[in-house]
Amino acid sequence: MSKAVKIDRISEEDVELPLLASVPLSYAKGNMLMPLRRENGDLVGAVSGQEGVFALFDLAREMSLKPKALWGDRAVVQEAINRYYGQLGSAKDVMADIREDDLSSVATEFERPKDILELTEEAPIIRLLNALLKQAMKDRASDIHIEPFEKELEVRIRVDGVLKKILTPPKIIQDALVSRVKIMANLDIAERRLPQDGRIRLLVGGKDIDIRVSLIPTIHGERVVMRILDRRGGSIGLTDLGMDSLMREQFEGLLSRQNGIILVTGPTGSGKTTTLYAALRKIFSEEKNIVTIEDPVEYELSGIGQIQINPKVGLTFASGLRSILRQDPDVIMVGEIRDLETAQIAIQASLTGHLVLSTLHTNDAASAITRLIDIGVEPFLVASSLAGVLAQRLVRRNCSYCSVQSGGESSGGIMMQEAHLAQDGTSARGRGCERCGGSGYLGRAGIFEFLEVGPSIRKLITERADSKSIAEKAVSEGMRTLRKDGLLKVQTGLTTPEEVFRVTQKDDAVIQV
């Protein structure tokens, strides 16, 4: 065997994917051997220790080839194994391999947590679900939807906020596939009449992944939605959210307060929880007692006390918030203000020297104020306790690998004029490539609307002004609307006008201010 050569990285050009299909992942991981390619009668592999060299020698002998070792650090070999084995076996490939007489197989329990990339020789239904999870991770999906209809079963994944169909398996496997999900989530497989919620924790390509599982009964069977949470996602900071420097400074100014309520608003899936976690990371110090109450706890934050509500035993947002106030907190995060009782306790906490962070489901920042009043909070209490409201949406980013400048009389130019932002009518957009799956978008970023409650806004609140009047006053004092913030990001090439249009409402009279 030739002398090993030192390598610092392994690129796609180095790897022959069909070769990996003939070498079990457990063998590669157990020996720290990354098979690379067959080349001029040699079997080329990356190794990080003597066991890898011996394994490469044995593998080459089985294939009637000569071993050729490339020496790499353990981290380099490990990362390559996780990345390239993760590219094998899409859900469609596994579906094609499942024999008709295996379709009704009922999945059996396996030991958890275990890396699902190693579970390639299990029962067909298990292999299919593992392949779905692998493909979802590879495509950066946030959700997996398993949807039953009268004569078919559909599987869709949500990538960068948009659903796309990836598989239409036979209807006959529906019950077995749903049962497999239930087993993994420790749910009752016999219960098919009531909604169920659970969690799955496993490893996918070396990543520690949490999956929130929701099942609801429909007329054609149980519908499953699995939300995928990378447990490292809680490390995002304020600088990563997409705010410009001026807005970030204003928001951080509110976070430095000793009391008051700060609200983050937007629809489900708009990144509100991520923003709150980033805010908590910003203000965290050993001198502060920070406690959260959430439904559910999505990411674990070191040094912060986190409570998950459990209505079955009487632990609600309201009851948990009362208990938190007896824990001498400095900062409290309430996952969501859903009712008058929770809102009143949060407001009283803010008026007695606590900084309270929470979320509301409203369309814009000004509507959060009227929403609090609508659920029964007195206007003078809202005016005296509310420090600011941050409304947000997520837009898809232009793919950095295929983005090009575009211009002319596009909808983008019309939108620029509408928002008094027309300069040259140009914007960037992705053409579509392999990295972005042909969509032209890769990843997401936030667009924001930040309303700081000053004297003039407080006056309008106590007068029970409507949300439009409050928004117009805030804009006259410098607030940038969601659409305007999005259009400014179009000008920087971050996203497209269509994306901004998709997630925002027309600003109506506010634009004319």
Side-chain angles (χ1 to χ4, degrees), residues 90-92 94-96 98 100-109 116 123-137 139-202 204 209-229 266-270 273 295-296 298 308-312 335-336 338 361 394 502-503:
S90 70
K92 197 170 288 187
V94 175
M95 196 67 247
I98 296 179
E100 197 169 318
D101 58 349
D102 284 334
L103 290 178
S104 58
S105 298
V106 177
T108 57
E109 179 66 271
I116 66 168
I125 295 300
I126 299 177
R127 288 194 294 116
L128 175 59
L129 185 55
N130 291 341
L132 284 174
L133 292 168
K134 283 195 294 183
Q135 184 165 345
M137 290 300 301
D139 292 348
R140 302 173 296 102
S142 60
D143 302 86
I144 302 172
H145 293 236
I146 302 174
E147 302 168 309
F149 299 103
E150 183 180 4
K151 296 180 179 179
E152 63 181 8
L153 186 65
E154 279 192 4
V155 179
R156 296 191 292 171
I157 60 175
R158 189 179 295 277
V159 180
D160 294 335
V162 178
L163 282 168
K164 66 174 184 177
K165 187 194 297 186
I166 61 168
L167 195 64
T168 308
K171 179 78 171 174
I172 191 174
I173 74 165
Q174 176 180 314
D175 290 344
L177 187 58
V178 172
S179 292
R180 180 61 197 159
V181 173
K182 288 181 177 180
I183 288 171
M184 293 180 71
N186 294 316
L187 298 176
D188 184 356
I189 63 171
E191 180 56 74
R192 299 183 179 182
R193 301 164 300 170
L194 297 173
Q196 294 191 70
D197 295 301
R199 302 188 81 159
I200 301 171
R201 184 174 177 182
L202 40 71
V204 182
I209 302 298
D210 240 352
I211 300 175
R212 284 161 48 186
V213 179
S214 172
L215 293 98
I216 58 172
T218 71
I219 59 173
H220 298 302
E222 289 177 285
R223 189 176 189 275
V224 181
V225 174
M226 294 183 279
R227 170 154 290 186
I228 301 169
L229 301 169
T268 301
S270 60
T273 301
D295 179 26
E298 294 191 4
Q308 181 162 312
I309 73 165
N310 186 355
K312 291 180 181 179
E336 183 185 347
R338 297 177 178 174
H361 285 89
L394 292 176
R502 180 176 68 87
V503 301

Polar side-chain atom of [X] near backbone of [Y] as donor-acceptor pair, under 3.5 Å:
{"X": "Glu150", "Y": "Glu152", "result": "no"}
{"X": "Glu154", "Y": "Lys165", "result": "no"}
{"X": "Lys171", "Y": "Phe149", "result": "yes"}

Does Glu298 come within less than 4.0 Å of Arg212, counting only side-chain N to carboxylate O?
yes
Does Arg201 come within less than 4.0 Å of Asp210, counting only side-chain N to carboxylate O?
no
Chi angles and distances behind the side-chain contact (heavy atoms from CB on, under 4.5 Å) call for Ile144, Val155
CA-CA 7 Å; Ile144 302 172; Val155 179; 4.2 Å; yes
Less than 4.5 Å apart, any side-chain heavy atom of [X] and any of [Y]?
{"X": "Thr218", "Y": "Glu147", "value": "no"}
{"X": "Asp188", "Y": "Lys182", "value": "no"}
{"X": "Pro217", "Y": "Arg193", "value": "no"}
{"X": "Pro148", "Y": "Glu222", "value": "no"}
{"X": "Leu202", "Y": "Leu133", "value": "yes"}

Scan side-chain atoms only and decide if Gln174 and His220 contain a donor-acceptor pair under the 3.5 Å cut-off.
no
Between [atom1] on residue [X] and [atom2] on residue [Y], distance to nearest 0.5 Å:
{"X": "Met226", "Y": "Met184", "atom1": "CE", "atom2": "CE", "answer": "8.0 Å"}
{"X": "Ile200", "Y": "Leu229", "atom1": "CD1", "atom2": "CG", "answer": "11.5 Å"}
{"X": "Asp143", "Y": "Ile211", "atom1": "CG", "atom2": "CD1", "answer": "10.5 Å"}
{"X": "Asp160", "Y": "Asp139", "atom1": "CG", "atom2": "CG", "answer": "10.5 Å"}
{"X": "Asn130", "Y": "Ile125", "atom1": "CG", "atom2": "CD1", "answer": "11.0 Å"}
{"X": "Ile309", "Y": "Arg338", "atom1": "CD1", "atom2": "CZ", "answer": "5.0 Å"}

Given Glu336 and Asp295, is the side-chain contact (heavy atoms from CB on, under 4.5 Å) satisfied, shown in steps?
CA-CA 8 Å; Glu336 183 185 347; Asp295 179 26; over 6 Å; no
So if I apply the side-chain contact (heavy atoms from CB on, under 4.5 Å) rule between Val178 and each of Leu153, Leu129, Leu187, Val224, which one comes out positive?
Val224
So, for [X] and [Y], which heavy atoms are closest and what is the spacing to 0.1 Å?
{"X": "Ile157", "Y": "Ala136", "answer": "CG2-CB, 4.5 Å"}
{"X": "Ser270", "Y": "Pro267", "answer": "OG-O, 2.7 Å"}
{"X": "Ala185", "Y": "Val213", "answer": "CB-CG2, 4.1 Å"}

Between Leu132 and Ile166, does the side-chain contact (heavy atoms from CB on, under 4.5 Å) criterion hold? Intermediate values first, please.
CA-CA 9 Å; Leu132 284 174; Ile166 61 168; 3.9 Å; yes
